[in-house]
Novice: 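One structure coming up, written as structure tokens, with questions to follow.
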Amino acid sequence: MTSQLSFDVQLNQQARTAAEREQVLANPGFGQIFTDHMISIDYTEGRGWHDARLEPYGPLVLDPATAVFHYAQELFEGLKAYRQANGSIVSFRPYANAARFNKSALRMAMPELPEEAFVESLELLVQTDKEWVPTTEGHSLYLRPFIIATQVGLGVNYPSKTYRYMVIASPAASYFSGGVKPVSVWLSTEYTRAAPGGTGFAKCGGNYAAAFVAQRQAVEQGCDQVVWLDANEHRYVEEMGGMNLFFVFGDRLLTPALTGTLLPGVTRDSILAFAADLGLKAEEGRISIEEWQAGCESGELTEVFACGTAAVVTPVGTVKGADRSWTIGDGTPGTVTQKIREELMGIQFGSRPDSYNWIHKIC
Ligand SMILES: *Cc1c(COP(=O)(O)O)cnc(C)c1O
């Protein structure tokens, strides 16, 4: 099926040469360098989505009074395109990202984009810039769809009447420069990421803007990442930075339930689905920081890992809070964490069976 939109295609006459591209792909880092093209689709109230186009990657010209700069009406998605051994390119569950994009849009009083148009926009960008999809094992092309409010004027009595949806793409090595080395986490009891009724479940930039001060505090405390706790009691674990968390009790996995204040990760959902295939029992529930510490001390809680598109599956090694700190297992990546990481990457890169029909072929 295709969307009602037809994309105007304007190719980049200044596209980088193969040699320039290869130089970037030799050491892509994360989110620093972008491909030669981008997607834009405009929205006007009453008219709907229009002017879908693929054009050369480049800066935007926007009036300083554009709504997004003042009231942060913005949201985004993140997913990847993966090179398969036979050279073809796929993405992973793009319709799940399309659905989440629209759930976020409803919360932010922004227009929904038909799922077909979302997926088609990704396909067109990846097909056009397919040479940018890395062939190095474990590397991928990170896709960043986002939408901004473009109405000009400072009145806040109503949400913007105009929007722009865009997609940009960036070749990616691994998100954390340390590879799969376990991260240390700081328990944030001073700051809150999300409260009931707020925007915690929506992938909006504002959630990140409000989180940076806590991330900086984590680094000041000698930790890599911040762990968010519930807004009411600062006791129950919610997420780690921009990733969901799993707690491993031998062959049982526990991940915090989606209460509305957590971001519903596609990676989290995928792990919940395939855990049983690896002989693991996965459940959603609730865990307090006291239970986390006690579980590690008794040896019952054997591993903790974080998961998300960008960093895939990352082990957590040590925990630090204002008045306590402890180590998980012996602080090294656990076997369950590694097994889950391998299974997930195996499905994405095509070395494991795609039993759930998650793989979406692009070209
Ligand atoms: C994007 C994101 C995640 C992970 O979601 P995935 O779909 O697995 O990439 C988790 N937490 C937050 C806050 C996020 O923004």
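Everything quoted here is computed from the prediction, not taken from an experiment.
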Novice: State whether the side chain of R193 and the backbone N or O of T261 hold a donor-acceptor pair below 3.5 Å, judged by distance alone.
Specialist: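 Such a contact is found between R193 side chain and T261 backbone.
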Novice: Starting at OG of S140, measure out to CG of L79 and round the result to the nearest 0.5 Å.
Specialist: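 Rounded to the nearest 0.5 Å, the OG-CG separation comes out at 10.0 Å.
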Novice: Using the rule given for salt bridge (Lys or Arg N to Asp or Glu O under 4.0 Å), can you reason through R16 versus D129, listing the C-alpha separation, both sets of side-chain angles and the distance that settles it, and then say yes or no?
Specialist: CA-CA 11 Å; R16 276 148 295 180; D129 284 334; over 6 Å; no
Novice: Do the side chains of R235 and E290 get close enough for a salt bridge, i.e. N-O under 4.0 angstrom?
Specialist: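 Yes, charged N to carboxylate O under 4.0 Å.
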Novice: Same cluster or not: are W326 and W186 linked, directly or through other Ile, Leu, Val, Met, Phe, Trp or Tyr residues, by side-chain heavy atoms under 4.5 angstrom apart?
Specialist: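 W326 does not cluster with W186.
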Novice: Are D230 and R286 close enough, and set up right, to give a salt bridge (Lys or Arg N to Asp or Glu O under 4.0 Å), and what steps lead you there?
Specialist: CA-CA 10 Å; D230 74 288; R286 196 165 83 152; over 6 Å; no
Novice: Tell me if the centroids of the rings in Y43 and Y165 come within less than 6.0 Å of each other.
Specialist: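 No - the distance between ring centres of Y43 and Y165 does not fall below the 6.0 Å cut-off.
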Novice: Please identify which of these residues, R53, R47, K161, meets the salt bridge (charged side-chain N to carboxylate O under 4.0 Å, His left out) condition with D42.
Specialist: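 Single salt bridge (charged side-chain N to carboxylate O under 4.0 Å, His left out) partner of D42 among R53, R47, K161: R53.
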Novice: Do V237 and L245 come close enough that some side-chain heavy atom pair is under 4.5 Å?
Specialist: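 The answer is yes, as the side chains (C-beta and beyond) meet within the 4.5 Å cut-off.
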Novice: With hydrophobic residues grouped by side-chain heavy-atom distances under 4.5 Å, do L272 and Y356 end up in a single group?
Specialist: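 Looking at the clustering, Y356 is in the same group as L272.
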Novice: Do you reckon V9 sits in the same ILVMFWY cluster as I41, going by side-chain contacts under 4.5 Å, direct or chained?
Specialist: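 They do share one cluster, since a chain of ILVMFWY contacts under 4.5 Å joins V9 to I41.
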Novice: Going by salt bridge (charged side-chain N to carboxylate O under 4.0 Å, His left out), R252 matches just one of E283, E300, E303. Which one?
Specialist: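 The passing option is E283.
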Novice: Before you tell me yes or no, could you show the steps for R268 and E284 under salt bridge (Lys or Arg N to Asp or Glu O under 4.0 Å), namely the whole-Å CA-CA distance, both residues' side-chain angles and the distance that decides it to 0.1 Å?
Specialist: CA-CA 10 Å; R268 171 190 181 280; E284 302 175 78; 2.6 Å; yes
